[in-house]
Amino acid sequence: MSDVSYRGRLAPSPTGLLHLGHARTFWMAQQRAREHQGCLILRSEDLDASRVRPEFREAMLEDLRWFGLRWEEGPDCGGPVGPYEQSARQAFYEQTFHRLLETGLVYACQCTRKDIRTSIAAPHGPDEDPIYPGHCRPRDCTPITAVRAGMNYRFRVPPGEVVEFVDGRLGTQRFEAGRDFGDFIVWRADGTPAYQLAVVADDHAMRITEVVRGEDLLLSTARQLLLYRVLGYASPKFFHCPLMTDETGRRLAKRTDALSLRALREQGRTPESLLRKMSHDHPSSSSSS
Ligand code: GLU
């Protein structure tokens, strides 16, 4: 009998081939779920219609299985188990978005990425969204009642507020709203939810108790904690895994296919040999609890 009080998830995006870094994060998610005799849910994060392709979806499932990852498929896990596809959950995200609108903390924004990049002088990392300078932010927090097509909607972060959480691997993490991240998009001009909103809505609805993800998402976790709070949802625990780099020190990305699971498999590598290499190269990836 499993301890269904632990519910983890694998949340891959079928926007390219999965690489060794994804495999390691998912492997750790599986390990954590097994250590707690909990269950693991698969959720395909396929909201970005411009990048999702059916062949990536098929490859994703096949590569995950080849690597030895398994997820729940039955009803016996103390709650909904999926597998899920975000693209089939639009009506549910709309409800969550409307709930968020009622807080008065969301505003319509017509700035393009280019407008934002050109209007700010502060440097930002290549992976990080620049801090939104507030051009469209209204003075008052008046709830929006009519959503207009063709507009992005942003969540207003409380400037200066420190978001703190204890990560299962990294310990205490602190980020300051307005300095480390700014007002962020929760709903897109094309009428779809942004990642931050969809992931909070789903992790809450799927009763996830611990989110295991890459360290590149630490700032997203801080943003999401603000959403949990204003939506009145209890937040899960978090465990951020180290990122994997190639031999030149560059972070693995879907753009670089060389270390894709598919390519490694075609070169004759086995999941066992890859796991051995991962634990040899990155012994620090093991959990602290
Ligand atoms: N779908 C995201 C990715 O593939 C992960 C999202 C998450 O862990 O919240 O990077």
Side-chain angles (χ1 to χ4, degrees), residues 7-33 40-53 56-57 59-61 63-64 67 69 71 82-89 93 96 126-129 163 165 167-170 173 175 181 184-186 188 192-228 231 233 235-245 251-257 259-262 285:
R7 292 168 60 87
R9 43 59 154 201
L10 306 174
S13 303
T15 52
L17 293 174
L18 296 183
H19 57 58
L20 210 46
H22 298 116
R24 187 174 55 166
T25 299
F26 296 146
W27 188 259
M28 290 180 73
Q30 177 161 286
Q31 290 294 101
R32 302 269 310 157
L40 195 59
I41 288 162
L42 178 70
R43 181 171 78 225
S44 172
E45 303 215 317
D46 59 351
L47 286 172
D48 184 351
S50 66
R51 291 171 63 216
V52 167
R53 299 221 301 259
F56 289 147
R57 185 176 177 278
M60 175 181 95
L61 296 174
D63 293 347
L64 290 173
F67 196 71
L69 293 155
W71 48 88
Y84 296 98
E85 291 185 355
Q86 288 190 320
S87 57
R89 296 169 61 76
Y93 300 128
T96 309
D127 296 334
E128 268 316 314
D129 280 341
V163 180
F165 63 97
D167 182 78
R169 187 178 70 90
L170 298 167
Q173 301 293 302
F175 297 100
F181 61 92
F184 56 89
I185 296 182
V186 287
R188 299 200 175 283
T192 60
Y195 159 71
Q196 310 291 356
L197 179 88
V199 87
V200 167
D202 279 344
D203 285 335
H204 171 71
M206 295 168 193
R207 297 201 236 141
I208 300 303
T209 59
E210 183 178 72
V211 168
V212 177
R213 55 166 57 135
E215 271 178 15
D216 53 331
L217 291 173
L218 275 165
L219 275 176
S220 283
T221 296
R223 294 179 179 102
Q224 289 164 26
L225 282 166
L226 293 176
L227 294 183
Y228 279 105
L231 287 166
Y233 299 161
S235 59
K237 292 184 175 155
F238 294 93
F239 185 100
H240 290 81
C241 303
L243 300 179
M244 225 162 181
T245 48
R251 214 172 89 192
L252 300 191
K254 283 185 176 145
R255 305 179 282 282
T256 50
D257 279 352
L259 287 174
S260 71
L261 292 182
R262 195 136 285 232
S285 11

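Read the numbers this way: they start at 1 and go in the same order the structure lists the ligands and their atoms.
- Evaluation of the side chain to side chain contact (heavy atoms under 4.5 Å, CB included) rule for S220 yields Y195, Q196, L217, R223, Q224 as partners, not counting sequence neighbours.
- The immediate protein surroundings of ligand 1, defined as residues with any heavy atom under 4.0 Å of it, consist of R9, A11, S13, E45, Y195, V199, R213, L217.
- Evaluation of the ring-ring contact (aromatic ring centres under 6.0 Å, His included) rule for F238 yields F165 as partners, not counting sequence neighbours.
- The existence of a salt bridge linking D202 and R9 is excluded, since no basic side-chain nitrogen approaches an acidic carboxylate oxygen closer than 4.0 Å.
- Under the salt bridge (Lys or Arg N to Asp or Glu O under 4.0 Å) criterion, R213 pairs with no residue at all, not counting sequence neighbours.
- The structure places CZ of F184 at 4.0 Å from CG of L227, a figure rounded to the nearest 0.5 Å.
- The shortest distance between side-chain heavy atoms of L42 and L61 falls below 4.5 Å.
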